[in-house]
Amino acid sequence: GITACGIFLLGISLWGLLAAVKHHQVMLFVYMCILFLIFIIQFSVSCAALGFSTDSEKTVIQTAWNNMDNGTKFETEKLLDCCGLNNVSEGVNCDELPCSDSECNPCMVVIEGKLSSAFSNAGGLGLFFSFTELIGGAIACRYRNLVDPANSGIGASAGGL
């Protein structure tokens with residue numbers, strides 16, 4: 001999915017570059033429209049990521065934990081050095097973990113902090129790049145309205161003797 005999005009964005013960038021080099025107004029207009037649509041989508045998703053509440057995060061974590069099999073739960077507990085989701089007593093094979101039952105934290109605390117940080121980082125980065133796309137669209141609009149020096153009839157050899 002991410003590779004396909006990257007290839008799509010690379011294609012759109014090459015489209016805009018080609019349109020600017022050729023001074024092709026229709027291609028630049030299509031580029032501006034696509035860039036604006038990408039801006040709207042990216043801005044919306046970024047705002048949603050930043051606005052994701054703590055209760056919603058807990059619901060997502062709880063749902064994911066309930067749908068995992070015991071092997072995946074154990075690997076998660078081992079990776080995050082925690083035991084059980086809300087209680088240490090709910091854990092899978094907690095005695096085999098590096099932390100003992102008395103020292104282990106519930107995984108909800110660990111996962112919640114990492115997930116909250118990930119949503120904040122992704123939302124902030126998405127907002128930054130969405131506004132970068134908006135600036136790119138404004139620059140494309142500026143170049144769309146410029147006269148093509150090669151086809152304007154105005155040049156060094158025009159008007160003379």
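Because only heavy atoms are used, hydrogens play no part in the values below, and waters and symmetry mates are left out as well, while side chains stay in. Throughout, numbering of the chain's residues begins at 1 and tracks the sequence.
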Between W15 and F29, is there shared hydrophobic-cluster membership here, with clusters defined by ILVMFWY side-chain heavy atoms closer than 4.5 Å?
no

So, do I40 and F43 sit near enough that their side-chain heavy atoms are less than 4.5 Å apart?
no

Would you say the side chain of V110 lies within less than 4.5 Å of the side chain of C82, judging by non-hydrogen atoms?
yes

Side-chain heavy atoms of Q62 within contact of N86, under 4.5 Å:
yes

With heavy-atom distances below 4.5 Å as the criterion, would you say the side chains of L115 and F52 are in contact?
no

If only side-chain N and O atoms count, and only distance matters, is there a donor-acceptor pair under 3.5 Å linking S53 with S56?
yes

Decide whether L125 and V45 are clustered together by the hydrophobic rule: side chain heavy atoms of Ile, Leu, Val, Met, Phe, Trp, Tyr closer than 4.5 Å, transitively.
no

N105 and C83, any side-chain heavy atoms less than 4.5 Å apart:
no

Is there side-chain contact between S130 and L127, with at least one heavy-atom pair below 4.5 Å?
yes

I want to check something: taking the side chain as every heavy atom from C-beta on, are L9 and I38 in contact at a cut-off of under 4.5 Å?
yes

Below 4.5 Å, heavy atoms only, C-beta onward: do Y31 and M27 meet side chain to side chain?
no

Would you find more than 12 non-hydrogen atoms of other residues, nucleotides or ligands less than 6.0 Å from F36 atom CZ?
no

Can you tell me if D69 and T72 form a side-chain donor-acceptor pair at under 3.5 Å?
yes

Group every Ile, Leu, Val, Met, Phe, Trp and Tyr by side-chain heavy-atom contacts under 4.5 Å, then state whether M68 and I61 land in the same group.
yes

Kindly compute the distance separating CD1 (I139) from CG (L28), expressed to the nearest 0.5 Å.
12.0 Å

Say whether L18 and I12 are linked into one hydrophobic cluster, either directly or through other cluster members, by side-chain heavy-atom distances under 4.5 angstrom.
yes

